[in-house]
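Numbers restart at 1 for each chain; the letters A, B, ... are given by sequence-line order, proteins then strands.
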Amino acid sequence: MSGIFEYNGGSIVGMKGKNCIAMACDRRFGQQMSTITTNYQKVFKIQDNILLALSGLNTDIHTFYALMEKEINLYNLKENRKMKPTTFANLVASALYERRFGPFFVTPIVAGLENGKPILATYDSIGCKSDLDDFQVGGTGGNYIYGACEAFFKPDMSPEELEEVIGQSLVSGCDRDALSGWGGVVYVLTEQKLTVKILKTKQT
Amino acid sequence: MIDFDPSTFGLAHTYQKEDKDEINTLKMPSAPQVIYRTLNGPTQTNGGNKLNNFKHGTTTLGFVFKEGILLAVDSRASMGSFLSSEQVRKVIEINEYLLGTMAGGAADCQYWLAYLANHCRTYELKNGSKLSVAAASKFLQGILIGYKNSGLSMGCMIAGSDLSGQHLYYIDNDGMRLKGDIFSVGSGSTYAYGVLDNHYRYEMSLNEAVELGIRAIYHATHRDTASGGVVRVYHIHQNGWTKVHDGIDVVDLHYQFAQQKGLVGDGDEAKQRLF
């Protein structure tokens, strides 16, 4: 518990489905062993078809999100069009590498739908992009969520199934991590809509 | 028969003097020997990082009131930030009239409280009367002083009933022994004290006391990451102890208390910016 990535705690997970993507995060904001609030936002809507989830040091979550908001707003104004999810995924990698020698202590996951095709990308804190997997995790409870994901995941799930599976994986993973939990939020993005559901989890 | 030579009492480097002619049927495993003693202070067991000291990652509490003593504990065990168990038993039943709570090293607490149980029984057989709570706690203190600075980690409460009433003692690995009316031990103790100190009254009924103990443990489990699982409650009275609750899930308690406050989860969530 002594690392900078473990100071605030928190877990995120992203999954691909059939023409849909899902993201889930816990809601805890803590300082080492003490919990401060249980309603901290860790998944952000960058654009109608792009979601950005961040885990790590909470101050950097907030700052990095603000930086990405600025980038996409300027892009919209300059180019007068929406940004493609694959372009945004690249932008995140560059923005992280810009701070190579004084990095943001975050591990982002980007999820989006490009012409109906799901895109999921994850990064380390200095911008190494990995976009070939069907599900990705981040945060202090990440490894525990991996186990649950491997057990429950199957390719090409419908939005309803995906919501169920990702919610279950997040909750099972957070139950084994002391620094994550205190509520969960699941976001499912399809071509038509974004649904947000709050999970009833352990509050301990 | 285990026989104590008073001149070696409490010293870690000598344990038993065996009579060669007797068959030793009540032999306890040998207590560990301390190989060296530092003159400079406590053994460094946590990399010197006091803020992250997980040694006492738990919440236990006990208080004396008019109907006896109430003990309430959580049930979580964590190794760093990994939760190894949510079902640990942190109240150790020493005998029918003495209970000990566990905080700090589980192995240390289990072993030395079992050792204390053995000593209590031996005393009872030799002397025809039960060992008092004061004497039992003092015996344990003596052992822990002998192992001072060697790295034992114990923050336990000894609570029991004897001829002079019900008594509560706090014993820790530094050799501290305190008699008191209200104690809470562990990383979640600060949160538990807040609730306990606010509503404690000596004249409480048993039901009120149980309610208070449960509430205090719940609040600690909510805020402290190293506490959680279930609440176990014990009551000590003049006839010994009773297990009041074997395990109430703190998750259920959370939603129960939220319901009582009218927080059913629709107002706050709707106002939050979620995306």
* Would you name the heavy atoms of B:S81 and A:D177 that are closest together and state the gap between them? => O-OD1, 3.3 Å
* Check: A:M33 and B:D224 side chains under 4.5 Å, non-hydrogen atoms -> yes
* Hey, does the side chain of A:R176 reach the backbone of B:F82 with a donor-acceptor pair shorter than 3.5 angstrom? -> no
* Structure fact -> Honestly, the part of B:H222 sitting under 4.5 Å from a heavy atom of chain A is both
* Say whether B:Y191 and A:S34, considering side chains only, have a donor N or O and an acceptor N or O under 3.5 Å apart. => yes
* **Test side-chain contact (heavy atoms from CB on, under 4.5 Å) applied to A:R28 and B:T225, step by step** => CA-CA 11 Å; A:R28 178 179 179 263; B:T225 59; 3.2 Å; yes
* Backbone of B:T221 reached by a side-chain donor or acceptor of A:T204 within 3.5 Å -> yes
* Asked: Counting only heavy atoms not in A:E164, do more than 12 fall under 6.0 Å of its CD?
  -> no
* Structure fact -> So, the part of B:Y255 with a heavy atom under 4.5 Å from chain A: the answer is side chain
* Asked: Taking it one step at a time, do A:K202 and B:V250 satisfy side-chain contact (heavy atoms from CB on, under 4.5 Å)?
  -> CA-CA 8 Å; A:K202 273 166 48 160; B:V250 292; over 6 Å; no
* Asked: Which answer fits A:D175, side chain, backbone, both or neither, if we ask what part of it has an atom under 4.5 Å from a heavy atom of chain B?
  -> backbone
* For B:S227, is it the side chain, the backbone, both, or neither that has a heavy atom closer than 4.5 Å to a heavy atom of chain A? -> backbone
* **A:W182 (side chain) donor-acceptor with B:R223 (main chain) under 3.5 angstrom** => no
